[in-house]
Amino acid sequence: MTRTATRSPVEPTAVRQVQAPPPAGGRGRRRILDQARAYAFLIGGLICFALFSWYPAIRAVVIAFQKYTPGSSPEWVGTANFTQVWHDPEFAAAWRNTLVFTLLALLIGFAVPFVLALVLNELRHWKAFFRIVVYLPVMIPPVVTALLWKWFYDPGAGLANETLRFLHLPTSNWSNGTDTALISLVIVATWANLGGTVLIYLAALQSIPGELYEAAELDGASLLQRVRYVTIPQTRFVILMLMLLQIIATMQVFTEPFVITGGGPESATVTVLYLIYKYAFLYNDFGGACALSVMLLVLLGVFSAVYLRLTRSGEDDL
């Protein structure tokens, strides 16, 4: 009797393909290429900043100490340009108007967006619609905004005086009056920049924990008390940052006086930036224009340093 050997079926085994690691030289070349690509983009940005930001700023500082007019070679005059603009009759008026404009913009353009943000934050319906409505002025080009308000302020057939006549109220000269021109420009600037500030305040308000308001309500706090003891302390850092940014922005006001009033009436709306424009493009005195620019640069540099310092302190606190 013969025995036949039976072969048990062999189960197929999975064949693992082991992929060889890339050579060390390939990884190194890839890393070098990635870094080279990143530095190429960085160098491109630095070149743009150098050509369109840093070089003009440095060049302006140099021209501030030169007598420079188009078509003539620059002549070094030291601090003569600063002395000249200092004794300009419009110099004091320009700085006074700029500081008054900044102060009025803080009183009006700082409080109104905060109140609007509080109101929008409390809405239960149509919240998105009103946010769009508030932000619409930001989408309009600044020159178009200024022209729109110039027609609105027209003392004859302007919408402002027509509305006052319809309500049987006394009319005003608005941007044509020496007493009302500057406050009229503040209203324009506030309306034009309202939307962005309101949205920033809204984001800060929505980041406040709701438990704080619930605890305040349980303690019997009124709406004003909740705003005073909860909202303002929780958003104080954002409020301070926006205040400093608004000071820096309003100190450079130009479009509104240039388009609406032309610096008038009687230099009532001449600002520092508008006076720089007059020195450069009306008087052809680029040395005086750059001297004024350096003065403004120093003042704004102080506010910028304070802003950066507070920003760094706020990040450390967080």
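A distance of 4.0 Å separates OH in Y153 from CD1 in I187, rounded to the nearest 0.5 Å. Taking CH2 of W174 as the start and CG of D179 as the end, the distance is 13.5 Å to the nearest 0.5 Å. The distance from the CZ atom of F237 to the CG atom of L242 is 10.0 Å, given to the nearest 0.5 Å. Rounded to the nearest 0.5 angstrom, Q84 CD and Y283 OH are separated by 10.5 Å. Separating the NZ atom in K150 from the CD atom in E256 is a distance of 13.0 Å, to the nearest 0.5 Å. One distance of note links CG of L292 with CH2 of W95; it measures 7.5 Å at 0.5 Å rounding.
Here the closest non-hydrogen pair linking N161 and P155 is ND2-O, 3.0 Å. Taking all atoms of both residues into account, the shortest heavy-atom contact from V138 to G196 is CG2-N, 3.7 Å. When every heavy atom of T145 is checked against every heavy atom of P137, the shortest pair comes out as OG1-O, 4.4 Å. Residues A181 and G264 come closest through the heavy atom pair CB-O, 4.4 Å. Considering all non-hydrogen atoms of both residues, T197 and P113 come closest at CG2-CB, 3.7 Å. Across every non-hydrogen atom of A60 and C290, the tightest pair is O-CB, 3.2 Å.
With sequence neighbours excluded, the residues satisfying salt bridge (Lys or Arg N to Asp or Glu O under 4.0 Å) with K278 are E90.
Residues L46 and W54 form a side-chain contact, since some pair of their non-hydrogen atoms from C-beta on lies under 4.5 Å apart. A heavy-atom distance below 4.5 Å is not found between the side chains of V188 and F152. Counting only heavy atoms from C-beta outward, the side chains of V133 and F129 approach each other to under 4.5 Å. Side-chain contact between Q66 and I63: present, with at least one pair of heavy atoms (C-beta onward) separated by less than 4.5 Å. Using a 4.5 Å heavy-atom cutoff, the side chains of P257 and V270 are not in contact. Put simply, the side chain of T261 reaches to within 4.5 Å of the side chain of L185, judged on heavy atoms. Inter-residue side-chain proximity for S304 and I248 is flagged as met; some heavy-atom pair is nearer than 4.5 Å. At a threshold of 4.5 Å between non-hydrogen side-chain atoms, the residues I183 and I108 count as touching.
Under 3.5 Å, the side chains of Y274 and N97 contain no donor-acceptor pair of N or O atoms. For the residue pair Y213 / T231, a side-chain donor-acceptor distance below 3.5 Å is found, with atom types taken as modelled.
Looking at D154, its side chain does come within 3.5 Å of a backbone N or O of A157 through a donor-acceptor pair. At least one donor-acceptor pair closer than 3.5 Å links the side chain of N81 to the backbone N or O of A64. Proximity of a side-chain donor or acceptor of S53 to a complementary backbone N or O of A50 within less than 3.5 Å is not detected.
Residue pairs meeting the salt bridge (Lys or Arg N to Asp or Glu O under 4.0 Å) criterion with at least one member in residues 201-220: none, sequence neighbours excluded. Residue pairs meeting the salt bridge (Lys or Arg N to Asp or Glu O under 4.0 Å) criterion with at least one member in residues 223-241: none, sequence neighbours excluded.
Of the listed residues (L103, T102, L104, V100), just one forms a side chain to side chain contact (heavy atoms under 4.5 Å, CB included) with V186, and that residue is L104. Shown are L296, T255, T98; of these, the side chain to side chain contact (heavy atoms under 4.5 Å, CB included) with L273 is made only by L296.
By the 30° and 60° cut-offs, the orientation of the rings of F65 relative to W76 is parallel. Using cut-offs of 30° and 60° for the angle between ring planes, the F91 and W86 rings count as tilted.
Linking ILVMFWY side-chain heavy atoms closer than 4.5 Å, directly or via other members, places L245 and L107 in two distinct hydrophobic clusters. The same ILVMFWY cluster, assembled from side-chain heavy atoms under 4.5 Å apart, contains both F254 and F281. Residues L118 and L199 fall into different hydrophobic clusters, defined by Ile, Leu, Val, Met, Phe, Trp and Tyr side chains chained together at heavy-atom separations under 4.5 Å. A continuous path of Ile, Leu, Val, Met, Phe, Trp and Tyr side chains, each step under 4.5 Å between heavy atoms, connects M295 with F303, placing both in one hydrophobic cluster. Transitive grouping of hydrophobic side chains (ILVMFWY, heavy atoms separated by less than 4.5 Å) brings F130 and L136 into a common cluster.
Atom CD of E266 is surrounded by 12 or fewer heavy atoms from other residues, nucleotides or ligands within 6.0 Å. Counting non-hydrogen atoms of other residues, nucleotides and ligands closer than 6.0 Å to OH of Y39 gives a total of 12 or fewer.
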Check: Taking it one step at a time, do L205 and T235 satisfy side-chain contact (heavy atoms from CB on, under 4.5 Å)?
Finding: CA-CA 7 Å; L205 292 174; T235 58; 4.2 Å; yes

Note to self: Under the criterion side-chain contact (heavy atoms from CB on, under 4.5 Å), I'd like the reasoning laid out for V306 against R309: C-alpha separation, chi angles, the key distance, then a yes or no.
What the structure shows: CA-CA 5 Å; V306 174; R309 176 68 177 177; 5.6 Å; no

Notebook entry, point to check: Under the side-chain contact (heavy atoms from CB on, under 4.5 Å) criterion, do F82 and V294 qualify, and how do the steps go?
Noted result: CA-CA 9 Å; F82 293 90; V294 170; 4.3 Å; yes

Note to self: With side-chain contact (heavy atoms from CB on, under 4.5 Å) as the criterion, how do Y135 and V198 come out once you've worked through the C-alpha distance, each side chain's angles and the decisive distance to 0.1 Å?
What the structure shows: CA-CA 8 Å; Y135 195 73; V198 169; over 6 Å; no

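Between D34 and R31 there is no salt bridge, since no side-chain N of the basic residue sits under 4.0 Å from a carboxylate O of the acidic one.
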